[in-house]
Amino acid sequence: MIQLLVATNNPGKMREYQELLAGLPVEILYPAQLGMKLEVEESGHTFEENARIKALAYARASGLLTLADDSGLEVDALGGAPGVRSARYAGPLKNDADRYQKLLSALENVPPGQRSARFRCVVALAQPDGTVHTASGVCEGEIGFAPRGQYGFGYDPVFIVHGTGGQTMAELPPSRKNQISHRARAVQALWPTLIQVLTETRRVSDDLGQEGD
Ligand code: ITT
């Protein structure tokens, strides 16, 4: 079976990809399983650039077909921040709660109705030869006034998802998040490409196998 490296060290993302990619005929691997520890500098100015950088670095280092995402939260009242800096928003060595608490403080005086935000995710699929495909997904909502919910990760407890009757992303069961999230939508958009690349990869490895016979 073809191996697909899902290049993330974020356990929340890992859990989601396990379900989001379950329909693919691949063996999913994570960097930790391979003992890989790359320090990839996310130096891009967009989610797309950073997703490409991450996926390519891991594909080159592992020799495996690799999927990575760069994702984050854009808050309109903050001019789109934290955006590509979502993981670093509260500084180094901080956790998810530090980051969403900092966000709640930054929005302390912003009234309801002006707290619109969106999660954005760009997924990149890189082949070891350097070919990269990307796709993106968005999930609209607004920032609440206090954290709520027990599921998910990151900024989920403070993100009220549009169309859910006021529930935060962390109040939605994982299977529901995986139907409507920015990550789910990005994976859906990438799906035809994933199938195409896997088909192509299988054909090439079959051909190589026959040559060896
Ligand atoms: P990897 O680079 O190893 O994948 P990371 O956590 O550093 O993990 P990013 O650079 O993409 O990932 O940063 C994403 C930030 O946005 C991080 O702070 C996450 O908590 C947050 N984030 C991303 N997706 C999210 C989601 O579905 N729900 C809540 N927060 C999310």
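Here the structure is a predicted model, which means the values were calculated and not measured. In each ligand, atom 1 is the first atom listed, and ligand 1 is the first ligand listed.
- Partner Leu5 forms a side chain to side chain contact (heavy atoms under 4.5 Å, CB included) with one of Ile28, Leu34, Val26, Leu67 and no other, that one being Leu34.
- Each side-chain hydrogen bond (donor to acceptor under 3.5 Å, both in side chains) pair with one or both residues in residues 100-112, not counting sequence neighbours, would appear here, but there are none.
- Checking each of Phe153, Phe159, Phe47 against Phe119 for a ring-ring contact (aromatic ring centres under 6.0 Å, His included) leaves exactly one that passes, namely Phe159.
- For residues 17-40, the pairs satisfying side-chain hydrogen bond (donor to acceptor under 3.5 Å, both in side chains) are Gln3-Glu27, Tyr17-Asp69, Gln18-Tyr30, Glu19-Asn178, with sequence neighbours left out.
- The contact shell of ligand 1, taken as protein residues with any non-hydrogen atom closer than 4.0 angstrom, comprises Thr8, Asn9, Asn10, Lys13, Glu42, Lys54, Asp69, Asp70, Ser71, Gly72, Ser86, Ala87, Asp96, Arg99, Phe119, Phe153, Gly154, Tyr155, Asp156, Lys177, His182, Arg183.
- Contact check for Leu125 versus Leu4: side-chain heavy atoms found under the 4.5 Å cut-off.
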Return all side-chain donor-acceptor pairs below 3.5 angstrom for residues 185-195, not counting sequence neighbours, or 'none' if the list is empty.
residue	atom	partner	partner atom	Å
Arg185	NH1	Val138	O	3.0
Arg185	NH1	Ile180	O	3.3

